[in-house]
Participant: 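Before we start, here is the structure in question, set down as structure tokens.
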Amino acid sequence: MDTEKDMSRRAFLKDSILAGRSLMLSGILPLKAGNYIMQERKPDYELNESDSMLKGICDIHIHAAPDSRMRSIDEWHFAQEAQKAGYRAIMYKSNDFSCHDRAYLIRQGISDIEVFGSLCMNRVHGNRVNAYAAEKAVATSGGLCRCIWMPTLDAEYHYRCEGRKEKGIPVLDRSGQVLPEVIRVMEICAEADIIFATGHCSPQESIILARKASEIGVKRFVVTHANSHFWMMTSDQIRQCVDLGAYIEYCYLPCLWGEKIAECLNMNVSLPGHSQILFVYLLIEVLFLQI
């Protein structure tokens, strides 16, 4: 990575929030992305306790250790730092493991902050979307699993884009219909009133999922990073999802890759209700966690 482009986690977080403040009149907020360097010790940085911009933040997409990939901080220490900085809530995400169970334990040692977890439908749960795993996640002590993500790093679309020979986990059948196991996960999310997120599905798959979720009654349907990499959606695709009641997760990370902010945030999209174009990583309003 170019030295000039390298940013500390603390500086990135502050810059992200500054950008979010400038965009609040449009009803959108930017996300915080992580530095993927594992450090099995307390981090050598601290969130600024006196920074009022962090007060009341709800960060609902956090990758932290323990994990099977390199992470910059572990869940326990991040929760401590977030609490000191005045965060209202955090939700952890692991591509391979459950983290809602660890959220239950973290809560035993920390107060004045809500800690939640989520579950991704990746290969560790089988070669298909595993509705039974989703059922058990929602039933775990504390009721702290607040999001079920469709396949991410093991998604069929993700594999195709990377040119991998093995078959990824599908969400649609060969005729383009939503698979029964995916429908069951939607039902589980609707019954528990938690987030159903598209993960690393393709833009077209996300539209089909949004349509089915609307039919089933999922209230918290999120299209994951619709402005990033090979998940980039067109204005029309975003409009279709919003019309179906979906929330669009915009990603701030592309802005760090040198793209102009208007382009990386896909701000050419003009919709009547900006309230549904949200950066769901750093939410001032707790739309999804039901605190």
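Not measured: the values here are computed from a predicted model. What you see below is based on every heavy atom in this structure, not just the backbone, and it leaves out hydrogens, waters and symmetry mates.
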Participant: Ignoring hydrogens, what is the shortest heavy-atom contact between Ser141 and Tyr104? Give both atom names and the distance.
Facilitator: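 Nearest pair, atom of Ser141 first, then Tyr104: O-CD1, 3.5 Å.
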Participant: Give a yes or no on whether the backbone of Ala210 and the side-chain of Ser214 come within a donor-acceptor separation of less than 3.5 Å.
Facilitator: no
Participant: Relative to the ring of Trp231, is the ring of His158 parallel (under 30°), tilted (30 to 60°) or perpendicular (over 60°)?
Facilitator: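 Judged by the thresholds at 30° and 60°, the geometry between His158 and Trp231 is tilted.
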Participant: Please check if the side chain of Asn122 supplies one atom and the backbone of Pro151 the other of a donor-acceptor pair under 3.5 Å.
Facilitator: no
Participant: Check the pair Asp236 / Thr234 against side chain to side chain donor-acceptor pair (under 3.5 Å), numbers first and verdict last.
Facilitator: CA-CA 5 Å; Asp236 181 64; Thr234 65; 5.2 Å; no
Participant: Please walk me through it: do Met121 and Ile148 pass side chain to side chain contact (heavy atoms under 4.5 Å, CB included)?
Facilitator: CA-CA 7 Å; Met121 292 283 101; Ile148 304 294; 4.2 Å; yes
Participant: Less than 6.0 angstrom from the centroid, inside 45 degrees of the normal: does Arg107 satisfy that with respect to the ring of Phe116?
Facilitator: yes
Participant: If you group Ile, Leu, Val, Met, Phe, Trp and Tyr by side-chain heavy-atom gaps below 4.5 Å, do Ile90 and Ile110 land in one group?
Facilitator: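 Shared cluster, yes.
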Participant: In the structure I gave you, are the side-chain heavy atoms of Lys93 and Cys120 within less than 4.5 Å of one another anywhere?
Facilitator: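 When only atoms from C-beta onward are counted, Cys120 and Lys93 do touch, with a gap below 4.5 Å.
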Participant: Could Glu181 and Arg184 be called an ion pair, given the rule that one side-chain N must be under 4.0 Å from one carboxylate O?
Facilitator: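 Salt bridge: no.
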Participant: Same cluster or not: are Met150 and Ile194 linked, directly or through other Ile, Leu, Val, Met, Phe, Trp or Tyr residues, by side-chain heavy atoms under 4.5 angstrom apart?
Facilitator: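 They do share one cluster, since a chain of ILVMFWY contacts under 4.5 Å joins Met150 to Ile194.
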Participant: Taking the side chain as everything from C-beta on, heavy atoms only, tell me whether Glu249 gets closer than 4.5 Å to His61.
Facilitator: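 Result yes, sub-4.5 Å side-chain heavy-atom pair found.
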Participant: Once rounded to the nearest 0.5 Å, what's the spacing between atom CD1 of Ile113 and atom SG of Cys58?
Facilitator: 9.0 Å
Participant: Report yes or no: does Thr152 contribute a side-chain atom to a donor-acceptor pair with the main-chain N or O of Gly199 at less than 3.5 Å?
Facilitator: no
Participant: Could you walk me through whether Phe78 and Tyr87 pass the side chain to side chain contact (heavy atoms under 4.5 Å, CB included) check?
Facilitator: CA-CA 11 Å; Phe78 184 85; Tyr87 277 45; 4.2 Å; yes
Participant: Asn127 and Pro170: which non-hydrogen atoms are nearest, and at how many Å?
Facilitator: O-CD, 4.1 Å
Participant: Under 30°, 30 to 60°, or over 60°: which ring-plane class applies to His200 and His225, parallel, tilted or perpendicular?
Facilitator: tilted
Participant: Keeping the roles fixed (side chain from Arg146, backbone from Gly143), state whether a donor-acceptor pair exists under 3.5 Å.
Facilitator: yes
Participant: Going from CZ on Arg128 to CD1 on Ile169, what distance comes out if it is rounded to the nearest 0.5 angstrom?
Facilitator: 9.5 Å
Participant: Any idea which heavy atoms bring Tyr157 and Pro203 closest together, and the distance?
Facilitator: OH-CD, 4.0 Å
Participant: Are Ser94 and Asp96 linked by a side-chain donor-acceptor pair shorter than 3.5 Å?
Facilitator: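 There is no such pair (donor and acceptor under 3.5 Å, judged by atom type) between the side chains of Ser94 and Asp96.
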Participant: When you compare the side chain of Leu209 with that of Phe221, does any pair of heavy atoms fall below 4.5 Å?
Facilitator: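 They are in side-chain contact.
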Participant: Quick one: pull up OG in Ser98 and NZ in Lys136 and give me the separation to the nearest 0.5 Å.
Facilitator: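 Result: 13.5 Å between the selected atoms.
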Participant: Could you check whether Glu114 pairs with Arg88 (Lys NZ or Arg NE/NH1/NH2 to Asp/Glu carboxylate O, under 4.0 Å)?
Facilitator: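 Here Glu114 does not pair with Arg88 in a salt bridge, since their nearest N and O are not under 4.0 Å apart.
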Participant: Considering non-hydrogen atoms only, spot the tightest contact between Ala134 and Val185 and give its length.
Facilitator: CB-CG2, 4.2 Å
Participant: Return the minimal non-hydrogen interatomic distance between Arg123 and Gly168, and the atom names on each side.
Facilitator: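 Nearest pair, atom of Arg123 first, then Gly168: NH2-CA, 3.9 Å.
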Participant: For the side chain of Thr198 and the backbone of Cys201, is there at least one donor-acceptor N/O pair under 3.5 Å apart?
Facilitator: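 No, the answer is negative, given that no donor and acceptor are paired below the 3.5 Å cut-off.
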Participant: Assess, by modelled atom type and distance only, whether the side chains of Asp154 and Tyr159 contain a donor and an acceptor separated by less than 3.5 Å.
Facilitator: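 Yes.
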Participant: CD of Glu205 to CD1 of Ile208: how many Å apart, nearest 0.5 Å?
Facilitator: 7.0 Å
Participant: Are Gln177 and Leu172 side-chain neighbours, meaning at least one heavy-atom pair lies under 4.5 Å?
Facilitator: no
Participant: Would you tell me whether Trp149 and Ser118 have side-chain atoms, one donor and one acceptor, within less than 3.5 Å of each other?
Facilitator: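 The criterion, which ignores hydrogens and geometry beyond distance, is satisfied for Ser118 and Trp149.
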Participant: When you compare the side chain of Ile216 with that of Ile183, does any pair of heavy atoms fall below 4.5 Å?
Facilitator: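 With C-beta onward as the side chain, the pair touches.
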Participant: Can you check side chain to side chain contact (heavy atoms under 4.5 Å, CB included) on Val138 and His100, steps first, answer last?
Facilitator: CA-CA 9 Å; Val138 172; His100 50 280; over 6 Å; no
Participant: Under a 4.5 Å cut-off applied to non-hydrogen side-chain atoms, are Trp76 and Arg102 in contact?
Facilitator: no
Participant: Are Cys147 and Arg220 side-chain neighbours, meaning at least one heavy-atom pair lies under 4.5 Å?
Facilitator: no
Participant: Do Leu179 and Ile207 sit in the same hydrophobic cluster, where Ile, Leu, Val, Met, Phe, Trp and Tyr count as joined when their side-chain heavy atoms come under 4.5 Å apart?
Facilitator: yes
Participant: Can you tell me how far the CD atom of Glu135 sits from the CD atom of Glu191, to the nearest 0.5 Å?
Facilitator: 8.5 Å
Participant: Could you state whether Leu119 and Val171 fall into the same hydrophobic cluster, counting links through intermediate Ile, Leu, Val, Met, Phe, Trp or Tyr residues with side-chain heavy atoms under 4.5 angstrom apart?
Facilitator: yes
Participant: Step by step, would you call Lys219 with Asp193 a side chain to side chain contact (heavy atoms under 4.5 Å, CB included)?
Facilitator: CA-CA 7 Å; Lys219 296 178 182 178; Asp193 199 15; 3.9 Å; yes
Participant: Measuring from Arg239:CZ to Leu244:CG, what's the distance to the nearest 0.5 Å?
Facilitator: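 Going from the CZ atom of Arg239 to the CG atom of Leu244 covers 12.5 Å.
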Participant: Does the distance from a Lys or Arg side-chain N to an Asp or Glu carboxylate O, for Glu215 and Arg211, drop under 4.0 Å?
Facilitator: no
Participant: Taking all heavy atoms of Leu144 and all of Ala103, pick out the closest pair and write down the distance.
Facilitator: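 That would be CD1-C, 3.9 Å.
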Participant: Under 6.0 Å from the OH atom of Tyr132, do we count more than 12 heavy atoms belonging to anything else shown?
Facilitator: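 No, OH of Tyr132 has 12 or fewer neighbouring heavy atoms, counting only those of other groups under 6.0 Å.
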Participant: So, do Val182 and Lys212 sit near enough that their side-chain heavy atoms are less than 4.5 Å apart?
Facilitator: no
